[in-house]
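Working notes, beginning with the structure itself.
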Amino acid sequence: MEDTYDPRSVERKAQAFWESRRSFHAEEAAGKKKFYCLSMFPYPSGKLHMGHVRNYTIGDVLTRYLRMRGFNVLQPMGWDAFGLPAENAAMANKVPPARWTYDNIAYMRKQLKSLGFALDWEREIATCSPDYYKWNQWLFTRMFRKGLAYKKTGIVNWDPVDQTVLANEQVIEGRGWRTGALVEKREIPMYFFRISAYAEELLKALDELPGWPEQVKTMQKNWIGKSEGVRIGFPYELDGKKQVLWVFTTRADTLMGATFMAVAAEHPIAESAAKRDSRVKAFIDECKKGTVIEAELAQIEKKGMPTGLSVTHPISGERIPVWVGNYVLMTYGEGAVMGVPAHDERDYAFAAKYGLPIKPVIRHPLGDKVDPPWRPEYAEYGTCINSGKYDGLDFQEAVEAISKDLKEKHLGEKQIQWRLRDWGVSRQRYWGTPIPIVHCPACGDVPVPDDELPVKLPEDLVPDGTGNPLAKMPSFYETKCPECGRAAKRETDTMDTFVDSSWYFSRYACPDQQAAMVDERASYWMPVDQYIGGIEHAILHLLYSRFFQRVMRDEGLMPKVAEPFTNLLTQGMVLAESYYTDASGRREWVNPADVVVERDAKGKILSARTKNGKEVVYDGIGTMSKSKNNGVDPQALIDKYGADTARFYTMFASPPTNTLEWSDESVEGSYRFLRRVWAFALQFSKGHKTAGQDTAARREIHATLKQASYDMQRQQFNTVASACMKILNSLEKLEDPGSATAAEGLSILLRLLAPIAPHLAHDLWIELGFGEDVMKAPWPEPDAAALEQDEIEYVVQVNGVKRGSVRAPKAADRSALELIVPSLDFVKKHIGDKIIKRIVIVPGKLINVVA
RNA sequence: GCCCGGGUGGUGAAACUGGUAGACACAGGGGACUUAAAAUCCCCAGGCGCAAGCCGUGGCGGUUCGAGUCCGCCCCCGGGCACCA
């Protein structure tokens with residue numbers, strides 16, 4: 001073997017070995033227990049960033065570990081290849097998105113290969129390939145026929161200058177990112193997936209996912225948002241016609257305290273009021289300005305305007321004024337709420353602002369009155385007061401009584417309301433899956449027949465930022481109706497890229513299948529046993545995937561699989577600082593690698609400039625993203641230290657679920673460790689082999705192994721890496737580096753290291769003659785005999801504070817210890833003349849004397 | 001604003017079910033080797049204190065023989081909020 005560790009040649013050798021043996025090729029095998037390990041596929045943005053390296057190393061460590069445990073492992077890789085950045089790049093460089101995307105894929109594939117991930121590359125897929133998106137279209141047509149895909153209007157961000165729909169990301173402080181124009185809301189027809197039809201099942205099934213983090217399940221539960229309440233009708237007359245304004249409330253017990261109604265700007269009642277009252281029209285127009293981004297809407301000042309209309313209270317018969325409120329969402333319930341200012345914080349603020357009456361109807365912990373300022377107690381459940389026949393009822397009784405009375409009047413009944421909205425999938429963009437619908441003047445919306453799929457996306461277009469180029473391309477959209485044969489127009493919208501990522505994991509099982517979306521091989525591999533990806537996907541991607549799996553199940557594909565992911569590991573984000581220049585009024589993001597920062601003693605940034613002296617603005621720390629240009633490219637790291645160091649370091653730096661502020665400062669240490677492993681192996685290989693045993697060292701090594709095995713199972717890889725270091729420390733301290741203990745320790749070390757730094761482990765395993773393939777070696781087991789000890793060192797506390805320790809024979813029981821401890825000098829000293837009340841003993845560990 | 005996380009030395013972190021706070025490293029200081037440097041090796045190291053000892057896991061309070069770990073309130077940071085992926 002070489003005298004020094006040369007990662008380049010070690011890694012080349014190992015990768016050639018794996019390639020020549022197709023080591024990572026997975027095949028369905030009936031007898032062996034399968035394990036499908038999957039990391040979220042990357043968007044081919046150009047280069048890998050540290051988030052990818054972390055994500056894929058986590059997956060790789062797991063699969064290599066499970067291989068050693070004897071599982072039939074599948075770990076595939078592919079590309080989430082449709083999306084907005086390709087269009088942005090196209091605009092900037094005048095290169096078609098297809099070309100840009102395929103180039104990026106080629107480069108990133110090379111990077112992934114150089115990291116030595118145990119991936120089955122024979123199953124690679126790219127979602128922008130017609131072979132793949134054909135099945136998006138195929139499933140869409142099934143869903144369309146079943147009514148699971150349907151058309152209605154949706155609200156989008158509209159850039160009035162570029163005459164184009166903007167993604168939320170392209171709206172910066174209420175303005176279009178390219179034009180700077182104030183963004184408007186616009187209603188357009190779109191297709192939706194009826195995910196709401198599965199709301200109940202998606203919610204319930206969360207309870208049967210023990211392998212998912214509680215955190216994620218809670219987020220999904222809240223997102224689906226099941227609430228039980230009452231739908232209440234408030235009758236009114238408009239232009240001589242009797243109508244009813246419907247609201248949903250979870251607080252029907254407060255109905256008698258309703259003093260106003262608030263409707264969304266898009267509500268029909270608001271629109272009809274606008275026709276009569278120019279002030280209402282002006283207010284609604286005002287509401288329609290700005291973005292559709294809910295995070296921003298939630299923070300704007302709550303404003304309203306009376307419509308001049310009033311409705312009748314269904315119980316009391318009182319007249320109640322109807323307002324338009326900018327805080328009422330058309331997308332939740334029926335776009336109207338009843339205002340009960342005495343018992344709802346938002347309604348209170350609204351009523352206080354506009355001088356509307358506040359009528360307390362619930363006895364709260366502070367009494368019967370509601371005086372300013374608002375107190376959270378006002379919203380608590382309590383007994384009804386000032387509510388006529390409902391006085392004295394508690395929450396549940398009041399809801400029952402009121403909903404019963406409303407039902408008799410046909411003005412209400414109990415209802416379940418969901419927060420989850422149907423999934424809008426239409427995008428007015430080019431680089432995505434064409435929606436397979438033909439618009440026929442006679443037949444309406446007609447799905448494209450199976451034998452005409454896929455509707456292929458032309459790959460040579462270059463978008464210019466003024467809308468979807470497909471809509472300007474007659475050769476794409478001019479077609480004939482599949483039903484009547486008359487001239488018709490193809491849909492030019494494409495699908496949300498979340499559609500692509502909602503089922504790709506099943507396609508990996510059978511990427512070559514031309515005749516079907518998936519085949520029986522998917523039933524073998526699915527569900528994914530371990531899914532790994534960023535916590536940022538906790539809701540949308542994971543929920544959509546759970547929905548799609550059920551749609552596919554109900555379509556007869558993989559009939560036994562409802563949940564796509566049995567176990568979920570949510571990787572913490574890799575964060576980096578971001579900087580921009582603001583010279584032209586448009587933000588130009590500067591990569592942190594190109595920024596020189598000056599800090600004060602506390603680490604606060606004093607000034608930041610680019611390497612050529614331009615002042616930049618610090619934008620805080622956040623997730624590595626293409627849009628903020630703050631991704632740290634791992635390539636320099638790999639070039640300098642090799643893949644094993646990059647892998648080892650990312651695992652060592654923190655546990656997988658932690659967010660990680662990237663710093664490559666301490667990479668050196670990981671490299672130094674791998675070099676030391678090499679150096680020790682070299683020393684061992686040159687030394688004389690002896691049968692000598694070192695009991696103390698063996699105990700250390702096996703104790704460390706025991707902990708490392710446990711940590712491996714609970715996926716805490718940073719301490720597995722530490723364990724490798726500890727074992728090497730023990731080995732280096734051995735008096736005889738050729739001893740049997742050294743041989744045993746090395747064989748344990750290399751196997752622990754094999755999942756994390758596989759190239760080095762592979763090479764040394766062969767060089768030292770342990771075998772021909774470390775991946776085929778069994779995972780090491782700690783030897784119970786090596787862990788045996790005759791004496792135990794007890795920590796001794798007095799009143800919970802550590803004062804010393806005492807060695808006692810392993811066999812010493814409680815009464816023996818109780819006898820020894822009070823006579824210890826340091827115990828006597830700290831007890832003084834106090835009386836010992838009790839002695840707490842934690843077996844094998846600790847003794848606490850309480851005085 | 002709403003929902004979900006996180007906060008431990010100068011830094012990344014460890015401490016599994018409440019039981020020795022800071023394992024393992026990085027950066028740092030000191031030393032050895034070297035003509036010198038790199039590399040390597042050895043030693044030191046939470047803060048205050050000569051020491052005994054005291055303080056210390058974002059802050060305040062609580063439960064407990066004992067709290068980084070459990071409970072309550074607050075502060076700060078990150079993720080998500082439906083068209084970034």
With rounding to whole Å, what would you report as the distance between rG6(B) and rG61(B) at their P atoms?
24 Å

Distance between the P atoms of rC16(B) and rU69(B), in whole angstroms?
13 Å

Out of rA39(B), rA25(B), rA85(B), minimum distance to the side chain of L540(A) belongs to rA85(B)

Would you say CZ of R675(A) has more than 12 non-hydrogen atoms from neighbouring residues, nucleotides or ligands within 6.0 angstrom?
yes

When you look at NZ of K185(A), are more than 12 heavy atoms from neighbouring residues, nucleotides or ligands closer to it than 6.0 Å?
yes

Touch class at under 4.0 angstrom, heavy-atom based, for S670(A) against every strand present
nothing

Does the ring center of Y618(A) lie less than 6.0 Å from the ring center of Y580(A)?
no

Using a heavy-atom cut-off of 4.0 Å across all strands, would you classify V171(A) as base, sugar-phosphate, or nothing?
nothing

Using a heavy-atom cut-off of under 4.0 Å over every strand shown, decide if Y43(A) touches base, sugar-phosphate, or nothing.
sugar-phosphate

Nearest-Å distance once atom P is located in both rG68(B) and rG78(B):
27 Å

Measuring only the C1' atom in each nucleotide, how far is rG19(B) from rA67(B)? A whole number of Å is fine.
10 Å

In whole angstrom, give me the gap between the P atoms of rG72(B) and rG9(B).
24 Å

Kindly point out which of rC54(B), rC24(B), rC65(B) is positioned nearest to the side chain of R803(A)?
rC54(B)

Donor-acceptor contact present, side-chain E87(A) to main-chain G83(A), <3.5 Å
no

Assign V796(A) to base, sugar-phosphate, or nothing according to its heavy-atom contacts below 4.0 angstrom with the strands shown.
nothing

Check every strand shown and say whether A538(A) touches a base, only sugar-phosphate, or nothing at a heavy-atom separation below 4.0 Å.
nothing

With side chains defined as the heavy atoms from C-beta onward, is the minimum distance between L575(A) and L660(A) less than 4.5 Å?
no

Classify Q299(A) by what it touches in the nucleic acid, base, sugar-phosphate, or nothing, heavy-atom distance under 4.0 Å.
base

Distance check, P atoms only: rG5(B) and rC84(B), in whole angstrom units.
24 Å

Dot-bracket pairing map - RNA chain B, Watson-Crick plus G-U, both contacts under 3.5 Å, | cross-strand:
(((((((..(((......[....))).(((((.......))))).(((....)))..(((((..]....))))))))))))....

Under 4.0 Å, counting only non-hydrogen atoms across every strand here, what does R419(A) touch: a base, just sugar-phosphate, or nothing?
base

Return the nearest nucleotide to the side chain of L575(A); candidates are rA27(B), rG78(B), rA82(B).
rG78(B)

Are N718(A) and S654(A) close enough, and set up right, to give a side-chain hydrogen bond (donor to acceptor under 3.5 Å, both in side chains), and what steps lead you there?
CA-CA 6 Å; N718(A) 57 325; S654(A) 79; over 6 Å; no

Measure from the side-chain heavy atoms of W223(A) and tell me the nearest of rA25(B), rG19(B), rA82(B).
rA82(B)

Taking rA15(B) as the reference, what is the distance to rU35(B) when you measure between their P atoms (whole Å, please)?
46 Å

Touch class at under 4.0 angstrom, heavy-atom based, for Q797(A) against every strand present
base

rC26(B) to rC71(B) separation - C1' atoms, rounded to the nearest Å:
37 Å

Hey, can you tell me if Y544(A) and F498(A) have their rings parallel, tilted or perpendicular (30° and 60° cut-offs)?
perpendicular

Whole angstrom is fine here: how far is it from OH in Y641(A) over to C1' in rC26(B)?
12 Å

If anything within 90° of 0 is syn and all else is anti, what is rG9(B)?
syn

Taking atom NZ of K226(A) as the centre, report whether more than 12 heavy atoms of other residues, nucleotides or ligands fall under 6.0 Å from it.
yes

Show, in sequence, the C-alpha distance, side-chain angles and deciding distance for D493(A) and L470(A), and conclude whether the side-chain contact (heavy atoms from CB on, under 4.5 Å) test is met.
CA-CA 8 Å; D493(A) 281 359; L470(A) 293 177; over 6 Å; no

Please determine whether the number of non-hydrogen atoms from other residues, nucleotides or ligands lying under 6.0 Å from atom NZ of K303(A) exceeds 12.
no

Where the side chain of E536(A) is concerned, which of rG19(B), rA13(B), rG80(B) is the nearest nucleotide?
rG80(B)

Give D711(A) one of three labels, base, sugar-phosphate or nothing, depending on what nucleic acid heavy atoms sit under 4.0 Å from its own.
nothing

Checking contacts here: which listed nucleotide (rG19(B), rA27(B), rG78(B)) is nearest the side-chain heavy atoms of T659(A)?
rG78(B)

Quick one: do Q707(A) and T704(A) satisfy side-chain hydrogen bond (donor to acceptor under 3.5 Å, both in side chains)? Show the steps, please.
CA-CA 5 Å; Q707(A) 181 66 45; T704(A) 307; over 6 Å; no

If you look at every strand shown and take non-hydrogen atoms under 4.0 Å, does G622(A) touch a base, only sugar-phosphate, or nothing?
sugar-phosphate

Just by distance, no angles: are the side chains of R419(A) and T331(A) close enough, under 3.5 Å, to form a donor-acceptor pair?
no

Under 4.0 Å, heavy atoms only, any strand: does H52(A) hit a base, just the sugar-phosphate, or nothing?
nothing

By nearest atom, which of the nucleotides rC26(B), rC65(B), rA85(B) is closest to the P85(A) side chain?
rA85(B)

Between K829(A) and R675(A), whichever has its closest RNA chain B nucleotide further toward 5' is R675(A)

Provide, to the nearest angstrom, the distance between the CG atom belonging to N729(A) and the C1' atom belonging to rC43(B).
15 Å

Calculate the interatomic distance between Y618(A) atom OH and rC77(B) atom P; express it in whole Å.
10 Å

Side chain of N222(A), base of rC3(B): donor and acceptor closer than 3.5 Å?
no

Both N799(A) and G424(A) contact RNA chain B. Which one's nearest nucleotide lies toward the 5' end?
N799(A)

To the nearest Å, how far apart are D3(A) CG and rU40(B) P?
16 Å

Taking atom types as they are modelled, is there a donor-acceptor pair under 3.5 Å from the base of rC2(B) to the side chain of E294(A)?
no

Contact list for RNA chain B against residues 713-728 of chain A - heavy-atom distance below 4.0 Å
R714(A), Q716(A), N718(A), T719(A), S722(A), M725(A), K726(A)

Checking contacts here: which listed nucleotide (rC81(B), rG66(B), rA25(B)) is nearest the side-chain heavy atoms of R676(A)?
rA25(B)

Of the options F648(A), Y5(A), Y641(A), Y649(A), which is the one that meets F673(A) in a ring-ring contact (aromatic ring centres under 6.0 Å, His included)?
F648(A)

